[in-house]
2 protein chains.
Amino acid sequence: MTIGPLSKQTGCNIETIRYYERIGIMPKPPRTEGGHRIYREEHLKRLTFIRRSRELGFTLDQVRNLLMLVDGDDFTCDEVKTMTLDHADDVHRKIADLKKMERVLKDMVSQCNRGDVPDCPVIDALFQTRACLS
Amino acid sequence: MTIGPLSKQTGCNIETIRYYERIGIMPKPPRTEGGHRIYREEHLKRLTFIRRSRELGFTLDQVRNLLMLVDGDDFTCDEVKTMTLDHADDVHRKIADLKKMERVLKDMVSQCNRGDVPDCPVIDALFQTRACLS
DNA sequence: TATGGGACCTGTAGTTGGTACAGGTTCAAG
DNA sequence: CTTGAACCTGTACCAACTACAGGTCCCATA
């Protein structure tokens, strides 16, 4: 399988696959005489793993760690569980932050019922020093 | 006021203030003979506006637009309201995505009650092609 | 008035996670 | 044997900053 089909099967951009190789989270695959990359099932699996982890919001650094655990196959289920829980916490905090943001934005807008007067409560709110978030 | 005090009063990094000047969303301030930047109340206000908008998740491009509306002071309340509502929608979508993420992560972890066996349901889940998000 | 050191200056490079070319080569179908 | 799609490398770019290095300025204190 060349890079094109791999790209199609994983939904991962060709440039991105080459980027993953460059930064070392995908292995350098064998090549044809002419220099084209040839991938096999194992590459497909690994790239799927990476994409899936990224979809779930793991950073490439976290993915790297997960892959090290997998590669070493001396990982403990516990290590992986811990990483995942930590990450779940991050996501949870992010949700909370965004909810605050949303509330503030909606509040600002709800102050606004005038049509086209150049005296806008949203703008006023943005000029407030008081941090509503945090 | 020099850049240090401005930084302290806004909570905005000195390097960031200079960056904002470079990209043109903060105006070039007057200087002392020796070349130190001197800021006044108006700069403090503007920077506060920028930081507050950024805190609320507006991109610098959106901030630029908001500032254009403010500067021109021919903006209509409606334009600002629209921008803010659009942005609130973005935030809303982001929250939904993160919630899905969180659910998948928690589900993965809940499969995991073994101690240190190198056969981990989380890893298995990450190897699944099936996209649970999307 | 000299001086020490903290605050400031410019310019460049690095970060994350990719994307977007340009300009050239290879592969495979017809 | 030709043609054009797919591939190659290398570099530059995106947001939104941050982090130096290496030099200058300012002002409080002795």
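Side chains are part of it too, since the values below use all heavy atoms of this structure and drop only hydrogens, waters and symmetry mates.
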Student: Looking at B/Glu102 and B/Lys99, does any basic side-chain N land under 4.0 Å from a carboxylate oxygen?
Tutor: no

Student: To the nearest Å, how far apart are B/Ile38 CD1 and D/dC26 P?
Tutor: 9 Å

Student: Can you confirm whether B/Lys45 is buried at NZ, in the sense that more than 12 heavy atoms of other residues, nucleotides or ligands lie under 6.0 Å from that atom?
Tutor: no

Student: Counting the atoms with a prime plus P, OP1 and OP2 as sugar-phosphate, which does A/Ile3 contact under 4.0 Å by heavy atoms, base, sugar-phosphate, or nothing?
Tutor: sugar-phosphate

Student: Please compare B/Arg22 and B/Thr2 by the position of their nearest nucleotide in DNA chain C and report the one closer to 5'.
Tutor: B/Thr2

Student: Rounding to an integer number of Å, can you tell me how far B/Glu21 CD sits from D/dT18 P?
Tutor: 16 Å

Student: Between D/dC17, C/dT19, C/dG17, spot the one nearest the side chain of A/Thr16, thanks.
Tutor: C/dT19

Student: For B/Leu56, does its backbone N or O pair with a side-chain atom of B/His87 as donor and acceptor, under 3.5 Å?
Tutor: yes

Student: Could you check B/Phe58 against A/Tyr39 and say which one's nearest nucleotide on DNA chain D is further toward the 5' end?
Tutor: A/Tyr39

Student: Check every atom of C/dT19, C/dG18, D/dA16 against the side chain of B/Thr59 and return the nucleotide holding the closest atom.
Tutor: D/dA16

Student: Using atom NE2 of B/His36 as one end and atom P of C/dT10 as the other, report the distance to the nearest whole Å.
Tutor: 9 Å

Student: Rounded to the Å, how far apart are B/Leu6 CG and C/dC8 C1'?
Tutor: 14 Å

Student: Tell me: CE of A/Met26 to P of C/dG17, nearest whole Å?
Tutor: 17 Å

Student: In plain terms, say whether A/Asp78 and A/Lys81 are close enough for a salt bridge, that is, a side-chain N and a carboxylate O under 4.0 Å apart.
Tutor: no

Student: Could you tell me how far apart B/Arg18 (CZ) and C/dG11 (C1') are, to the nearest whole angstrom?
Tutor: 11 Å

Student: Would you indicate which nucleotide in D/dC7, C/dG18, C/dC27 comes nearest to any side-chain atom of A/Tyr20?
Tutor: C/dG18

Student: Could you check B/Arg37 against A/Arg51 and say which one's nearest nucleotide on DNA chain C is further toward the 5' end?
Tutor: B/Arg37

Student: Nearest whole angstrom, please: distance from the C1' of C/dC27 to the CZ of A/Arg31.
Tutor: 15 Å

Student: Side chains of B/Arg51 and B/Tyr20: donor-acceptor distance under 3.5 Å anywhere?
Tutor: yes

Student: Which is true for B/Ile14 with a 4.0 Å heavy-atom rule: it touches a base, it touches only sugar-phosphate, or it touches nothing?
Tutor: sugar-phosphate

Student: Rounded to the nearest angstrom, tell me the gap between atom OH in A/Tyr19 and atom P in D/dG10.
Tutor: 17 Å

